[in-house]
Amino acid sequence: MIEQKMSFLSGVVEGFYGRPWTMEQRRELFRREQKWGLNAYLYAPKDDLKHRMYWRDLYTPQEAGELQNLIASAEEHHVEFIYAISPGLDITFSNPREMATLKRKIDQVWEFGCRSFAVLFDDIESEMCPADKDAFSSLASAQVHMTNELYEHLKKPKIFLFCPTDYCGTFCTPSVAQSPYLLTVGEKLYPEIDVLWTGPKVVSKVISVESIEEVTHVIKRAPVIWDNIHANDYDPQRMMLGPFKDRPVELIPKIRGILTNPNCEFELNFVAIHTLATWCQSYCHGKAITGGKNTFFKDYIPHEALQLALSEWLVEFSVHDPPGGSRSLQGGQSKREYSEEVPMQTDAFYVPGPREKFLFTAEPLTLDDLILLSDLFYLPYQHGPTALNMLQELHWLKCNSNPMRKDTEWCARAEQFDKMCEAVVQMFNRLSNVSNRQILYDLYNYICDIKSGVTMARDFVKTIGGQTTLSAQQKNDDPEPWGFRGGLSGEFQRMLPNHGYKDVFYQYSRPTAYIIRPYTQSDQSAVQQIFQEVMCEETHGFPATKGAMLLSDRLACGQLCPSPNCAFLMEDESGVCGYALGLSDDKSTAFKGQYPESLLCDNPSVITMQILPKVSDLSVAKRLIECLLSALRTTGCKAFFCELREREKRMLDVLTQMGSFRKMTMEGLPDDLIIMRTAEQNVVGVGC
Ligand code: GDL
C-alpha cells in the first residue's frame, strides 16, 4: 500500500465494454506499468457482472482469492489498485438498504486489501425514479450524497474517485460552464474526492489546457483524465496503435492524473501505455537539471514516442508464449523465452530429402512492419502517414482512370500503390509467423480485415488500369461470402450516403454534397457565368473555335433555349457549379446546315454541359448528364451528340468514361472541334 497521497495518478483504467482482461494479463500490466513509471490501475471492466450489472452481489470465495492476489500483485509492483463500482444502472439512492448493500460490497473488497476506490455513474439513465425525485433535488445531488457517505464510511481513503454522468463537454447542457449537474458536483462533492473527466468529448480528439481550466473551475478541483483516445470497444474493425497525442504536456500540472482506457485486447496496448508513460515523463520535477526551477517540460514528440514504443514492442513478438503457455502457468512470474528466429518445428531434426518439399521458413518481423501496422491502425481521428497516402493515391487513381489517358504518371502511381499494398500483405505474412501467438491472436481479425480491404483496392486499381480481366470467381453471380464483406452491418453502411461519410479520411477532403435540379429561366446568368469561367480556364478565351458559334455556345449564352424539361443544374453549398442543357432532336436538326449528314443521321439531340474547375468528383458530372439524357429520351430522342473543344479535357473524359459516346471523325470540321455522339443502338445502354 502506498502511504502518502500520490500527487499524480498515471496509468490505466480497464473501463471498456466487452471481455475483461484475465488476471494474468492484469499482472503483466502491473509489471509493465512499474517498468515504465506508471503508478495506478482502475479496475472498472464494464462487463464484469459484479462491477456493474450485479453490483450488489458479493464475490465468491474463489473470486475473492483471485482479487486478493491481484491486489497484492499491484502492490508488489507499486501500482495503486483502485476498485471501482458502478451501481447507477438500478440503484435507488433514497433507499437506506441500497446504501447498506453498497457498503457491504465495498467492505468485502477492503478485506481483500484494497484501499482505493471509485464510484462510477457513466453511461446510465439520467432520469431518477419517483422515490428519488421525492428525496433529491437532482440526480447530481443524489449521486453526490451517496458518494460522500461511502467516502466517510471508508474513513476517507487517500484515493477516492467519482465519475459523473456528465463526464465530458458534449454531455453538459447547456455548456460545461453552466451545467447545473457539474455545478452541483463542484459545490457538494467533498473536495478530497477526485472527479473523472474524458475531455471535451467521450473520445476526445484534443484535450486543451483551456478546456481543463474551464471544467476545473466548475467542479472546483483538477480532474483525473479518463482518456478514451485508444479505446476501441465502439468499433469491431478498429484498434488504436498510434501514439498518445494531442494532449499538450502543459496539461500535466493542471490535472490530478491521467488513466488511459485502451483497446479491449490486452496485447494491443503496448503502444498506448508506453507512449502515455513517455508523455507523463515529459513533465519533470527537480532543481538539478533546470538550475533553479522546480519543474520543467521535456519535449514530447508523438512520432518519436511511437518509434520508441514500437522498437520495444518488436522484441515482445519473438517471446515464445504459446496460448495458455508459460506466462499463465507461472502465476504471473512470466517465464519469457526469446526465440531468435521463428516458431519451433515439432521435429527439429527433420531434413527434407532431395525430391521433397523445402521446410517452411518464415521471415522475421521488422520494425518497418510494425510502423506500417501502426499507420494502418492509428488513432480515432487520424490515419498514420502511409495509410493516408494510400487513401489519397487510390482516390487520385480512381478519379484519373480515364482509359484514354493512362499516361506515364498514372502508371507510375498505380505501380507505387501496388507496392504499398504488397507491403501490407508481406507484413501480414510475417505477423502470422511470429513466436508470440498471444499478440498474433489479438491482432488477427484486424490484420485479416485490412489485408482483404487492401487486396480489394489493389485488384480494383489493376482492373481500371486494364492489367487484369475479372477472374471467373469475380464474374460469378453467386460469389463466395468474402465477396460481400461486412455482413448486415456492411450492407447498412453501403446503403448510407458516402458509406457513413464521417470517416476520418474526409477530415482532409470533406466530401461536398451536390444537388441536381431542373433549370429555370432565372438560372440563365449563372449558366453563362460558368460557361465563361470554364472557357477562360480551358480554352484561354472565348470563342476559340474557328467559324460560327457552336450550338452549345448559343445554348449556354442564352441565344437558344433548351427544350422544355431538358435542362439541369448542379449545385454545391455555394451555388450553381455545373449545367447540362439539351435541344431535343427536332430542334437540333433545325441547324442541319452546320454539320455533315453523317452526324445527323438518326436525328440526334444536341447536349452541352460544363462544370466548374473546383468540382473534382467527375462522377457527379456523369450523373448530371445521365439525368439530361434520361429527360431527352422521354421526349423520344434516341441518339445524342455533343460539341467539345479540344481543350475541354474534363468533359471529354466524362463522356469517354460513360462508354456510350464515341468520337466522330468528319471532314470539314474546325481543327479544334471534337464531336462525340452515341449510336442509336447505344442509347439503351446509357442508364440513369
Ligand atoms: C464511454 C465509457 C467507457 C467506454 C468508452 C469508449 C467512459 C467514462 N465511459 O463512454 O466505458 O469504454 O466510452 O467506448 O468513458
Side-chain angles (χ1 to χ4, degrees), residues 9 11-21 25-26 29 40-53 55 82-89 117-126 139-140 143 147 160-173 176 179 181-182 185 189 193-207 211-212 215 219 223-242 244 246-247 255-266 268-269 272-273 276 377-381 446 489 502 504:
L9 293 174
V12 174
V13 44
E14 184 183 338
F16 46 81
Y17 290 86
R19 184 197 292 263
W21 292 332
Q25 290 172 329
R26 290 170 183 148
L29 171 70
Y41 163 73
L42 175 58
Y43 176 91
K46 281 276 184 304
D47 285 304
D48 173 351
L49 289 176
K50 291 184 182 176
H51 157 72
R52 199 164 78 119
M53 181 130 68
W55 61 270
I82 309 166
Y83 177 86
I85 193 151
S86 289
L89 286 178
F117 296 90
V119 189
L120 312 184
F121 291 108
D122 56 324
D123 297 1
I124 56 163
E125 283 283 321
S126 51
L139 180 68
Q143 293 174 350
T147 307
F160 196 84
L161 311 177
F162 167 84
C163 180
T165 302
D166 294 358
Y167 54 81
C168 61
T170 48
F171 286 7
C172 296
T173 37
V176 172
S179 153
Y181 178 96
L182 286 189
V185 170
L189 190 73
I193 300 177
D194 287 306
V195 175
L196 289 156
W197 181 251
T198 65
K201 306 209 284 175
V202 175
V203 179
S204 295
K205 186 176 176 192
V206 177
I207 303 182
S211 74
I212 290 303
V215 69
I219 60 175
V224 174
I225 301 294
W226 165 316
D227 205 325
N228 287 321
I229 183 175
H230 283 100
N232 70 342
D233 55 359
Y234 51 84
D235 186 344
Q237 286 183 308
R238 298 168 82 177
M239 57 175 169
M240 309 301 160
L241 304 182
F244 185 77
D246 297 322
R247 284 84 176 120
I255 55 180
R256 162 83 173 96
I258 186 151
L259 303 172
T260 182
N261 177 36
N263 295 286
C264 303
E265 298 85 350
F266 177 76
L268 308 185
N269 291 314
I273 303 171
L276 173 70
F377 295 94
Y378 205 69
L379 288 172
Y381 298 97
Y446 302 102
S489 165
K502 282 188 175 163
V504 278

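The chain is numbered in sequence order, starting from 1. Each ligand, and each atom within it, is numbered from 1 in the order the structure gives.
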> Of all heavy-atom pairs between P262 and T260, which one has the smallest distance, and what is that distance?
Replying inline: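 That would be CD-O, 3.2 Å.
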> What are the two closest heavy atoms between H230 and L379, and how far apart are they?
Replying inline: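 Closest approach of H230 to L379: NE2-CD2, 3.7 Å.
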> Just by distance, with hydrogens left out, do N263 and Y446 show a side-chain donor and acceptor under 3.5 Å apart?
Replying inline: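 There is no such pair (donor and acceptor under 3.5 Å, judged by atom type) between the side chains of N263 and Y446.
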>> So, taking the atom named CG in L276 and the one named CG in N269, what distance separates them when rounded to the nearest 0.5 Å?
In response: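 Rounded to the nearest 0.5 Å, the CG-CG separation comes to 11.0 Å.
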> Between OG1 of T165 and CG of L120, what distance do you get to the nearest 0.5 Å?
Replying inline: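 Between T165 OG1 and L120 CG, I get 10.0 Å after rounding to 0.5 Å.
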What is the closest protein heavy atom to [atom], and at what distance does it sit?
{"atom": "atom 11 (O) of ligand 1", "answer": "G15 O, 2.5 Å"}
{"atom": "atom 10 (O) of ligand 1", "answer": "Y167 OH, 2.4 Å"}
{"atom": "atom 9 (N) of ligand 1", "answer": "D122 OD2, 2.7 Å"}
{"atom": "atom 2 (C) of ligand 1", "answer": "D123 OD2, 3.4 Å"}
{"atom": "atom 15 (O) of ligand 1", "answer": "N228 ND2, 2.8 Å"}

Contacting atoms of ligand 1, where contact means under 4.0 angstrom from a heavy atom of [X]:
{"X": "F16", "answer": "12 (O)"}
{"X": "V202", "answer": "1 (C), 10 (O), 13 (O)"}
{"X": "Y234", "answer": "14 (O)"}

>> Regarding ligand 1, does N261 bring an N or O atom to under 3.5 Å of one of the ligand's N or O atoms?
In response: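 So ligand 1 has an N or O lying under 3.5 Å from an N or O of N261.
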>> Does ligand 1 come near enough to T198 that some N or O of the ligand is less than 3.5 Å from an N or O of the residue?
In response: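 In this structure, T198 places no N or O atom under 3.5 Å from an N or O of ligand 1.
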> Who's closest to atom 12 (O) of ligand 1 heavy-atom-wise, of D233, V203, L196?
Replying inline: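 Going through D233, V203, L196 one by one, D233 has the nearest heavy atom to atom 12 (O) of ligand 1.
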>> Here's a test for you: under side-chain contact (heavy atoms from CB on, under 4.5 Å), which of L161, V224, L182, L189 qualifies with V195?
In response: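 Only one option passes, and that is L189.
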> Quick one: does Q143's side chain get under 4.5 Å of I124's, heavy atoms only?
Replying inline: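 Side chain of Q143 against side chain of I124, heavy atoms only: contact under 4.5 Å found.
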>> Does the plane of the ring in Y43 sit parallel, tilted or perpendicular to the ring in Y83? Use 30° and 60° as the thresholds.
In response: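 Ring orientation, 0 to 90° scale: parallel.
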